[in-house]
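What you see below is based on every heavy atom in this structure, not just the backbone, and it leaves out hydrogens, waters and symmetry mates. Remember, predicted model here, so these are calculated numbers, not experimental data.
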Amino acid sequence: MDLTFIDADKLEATWAYLMQVAIHQGMNLIAAIAILVVGWWLSARARLAVVRAFDRPRVDATLRPMLGSVVQWVVRVLTIVLVLSQFGVQTATIIAMLGAAGLAIGLALQGTLQNIAAGIMLVLLRPFRVGQYIDAQGVAGTVRETGLFMTELTTFDGVCLRVPNGKIWGSAITNYSENPTRRMDIEVTVPFGTDIQAALNALRRVLAEEPRVLQTPASEVMVVKYAAQGVTLNLRCWTSNEDYWSVQYAFYERIKTALESAGSEIAVPVQELRVPHDAGAVPGVRELQHSGS
């Protein structure tokens, strides 16, 4: 009977201990979930606050999303540290775990870390800014945002394009919006035998009638080469960046009419087949001549 009484006491004490541990760990779990939810919410709010705080004319628009992303991830890392501390993990252990995890993640995600480094370099060196049109070896569009991992572009047909920062940083970047003016070259080929001076004067009139062409540097019209189908003329002028495409389309519309009014036309490729008089004796050519007749 005494043994039964002792075993019951031990069982009751064990049950009470387990209940205490379960309640304690349950409270820690609830607190950890609450910290995680609040921390994630605060990270989003902190990012938004940083973007709004730097929403000033003196702060480059390309820099704002990058700073916001950095602040957001700093808050998230601190949140994870607080969550782990709720389960009794010491700070030194957390730092060691973060170091080991960082090493493992760095080895596994080398491309991602490369994108982060490339994003930082893009923000620091600023080869382009938000709102500028760029081309990075076939990746072309208007810059909307340079983030921590990707750069967001809008293509000419309105499609959203997200490109890893490493791809842009590792390629030659052509910035079409950096300079306020652009040079335009339009080549037109006229047939041999055309009055070249009349054709050149027609192109000069087209230039003179366009008010959006800049006076400095001076415009030029010249003969540039002799092609297989005729003489190639070049219309060269400078316009502002904003007017470049509209002026080019206007020239394409007017040049043909101007050349025709000057008694010329735009040459087209022509292939000519010549058959010698004595080719009828050659097998195959005789049949071709008969079929043609």
With rounding to the nearest 0.5 angstrom, report the [atom1] to [atom2] distance, [X] to [Y].
X	Y	atom1	atom2	result
Phe251	Leu203	CZ	CG	9.5 Å
Leu200	Leu259	CG	CG	9.5 Å
Ser240	Leu214	OG	CG	6.5 Å
Thr154	Glu145	OG1	CD	11.0 Å
Glu187	Arg236	CD	CZ	9.0 Å
Glu220	Arg183	CD	CZ	8.5 Å

(request) Dump the intermediate steps for side-chain contact (heavy atoms from CB on, under 4.5 Å) on Val50 and Arg47, then the final yes or no. (result) CA-CA 5 Å; Val50 170; Arg47 180 182 185 277; 6.0 Å; no

Tell me whether [X] shares a hydrophobic cluster with [Y], the cluster being built from Ile, Leu, Val, Met, Phe, Trp, Tyr side chains joined at under 4.5 Å.
X	Y	answer
Leu233	Met222	no
Ile196	Ile266	yes
Leu153	Tyr176	no
Tyr249	Val206	yes
Ile30	Ile80	no

Any idea which heavy atoms bring [X] and [Y] closest together, and the distance?
X	Y	answer
Thr79	Ile35	CG2-O, 3.5 Å
Phe128	Ile134	CB-CG2, 3.6 Å
Glu265	Pro191	O-CD, 3.2 Å
Ala198	Ala262	O-CB, 3.8 Å
Leu122	Pro127	O-CD, 3.5 Å
Asp135	Gln137	OD1-N, 3.4 Å

Strictly distance-based, threshold 3.5 Å: is any side-chain N or O of [X] a donor or acceptor partner for the main-chain N or O of [Y]?
X	Y	answer
Asp185	Asn234	no
Thr239	Asp243	no
Asn165	Ile116	no
Asn241	Asn179	yes

(request) Measure up the Phe192 and Tyr226 rings against each other and bin them: parallel (under 30°), tilted (30 to 60°), perpendicular (over 60°). (result) parallel

(message) Can you confirm whether Ile186 sits close enough to Gln248 that some side-chain heavy atom of one is under 4.5 Å from a side-chain heavy atom of the other?
(response) yes

(message) Walk me through whether Val213 and Trp238 qualify under side-chain contact (heavy atoms from CB on, under 4.5 Å).
(response) CA-CA 6 Å; Val213 172; Trp238 289 79; over 6 Å; no

(request) Using side-chain contact (heavy atoms from CB on, under 4.5 Å) as the criterion, point out the one residue from Val224, Thr194, Val190, Val188 that pairs with Val231. (result) Val190

(message) I'd like to know whether Leu207 forms a side-chain contact (heavy atoms from CB on, under 4.5 Å) with Leu235, so could you lay out the CA-CA distance, the side-chain angles of the two residues, the decisive distance to 0.1 Å, and finally the verdict.
(response) CA-CA 8 Å; Leu207 278 171; Leu235 181 152; 3.8 Å; yes

(message) Could you work out, with salt bridge (charged side-chain N to carboxylate O under 4.0 Å, His left out) as the rule, every residue matching Glu152, not counting sequence neighbours?
(response) Arg144, Arg162

(message) Does Glu210 form a salt bridge (Lys or Arg N to Asp or Glu O under 4.0 Å) with Arg254? I'd like the steps, not just the answer.
(response) CA-CA 10 Å; Glu210 178 53 63; Arg254 300 169 188 168; 2.9 Å; yes

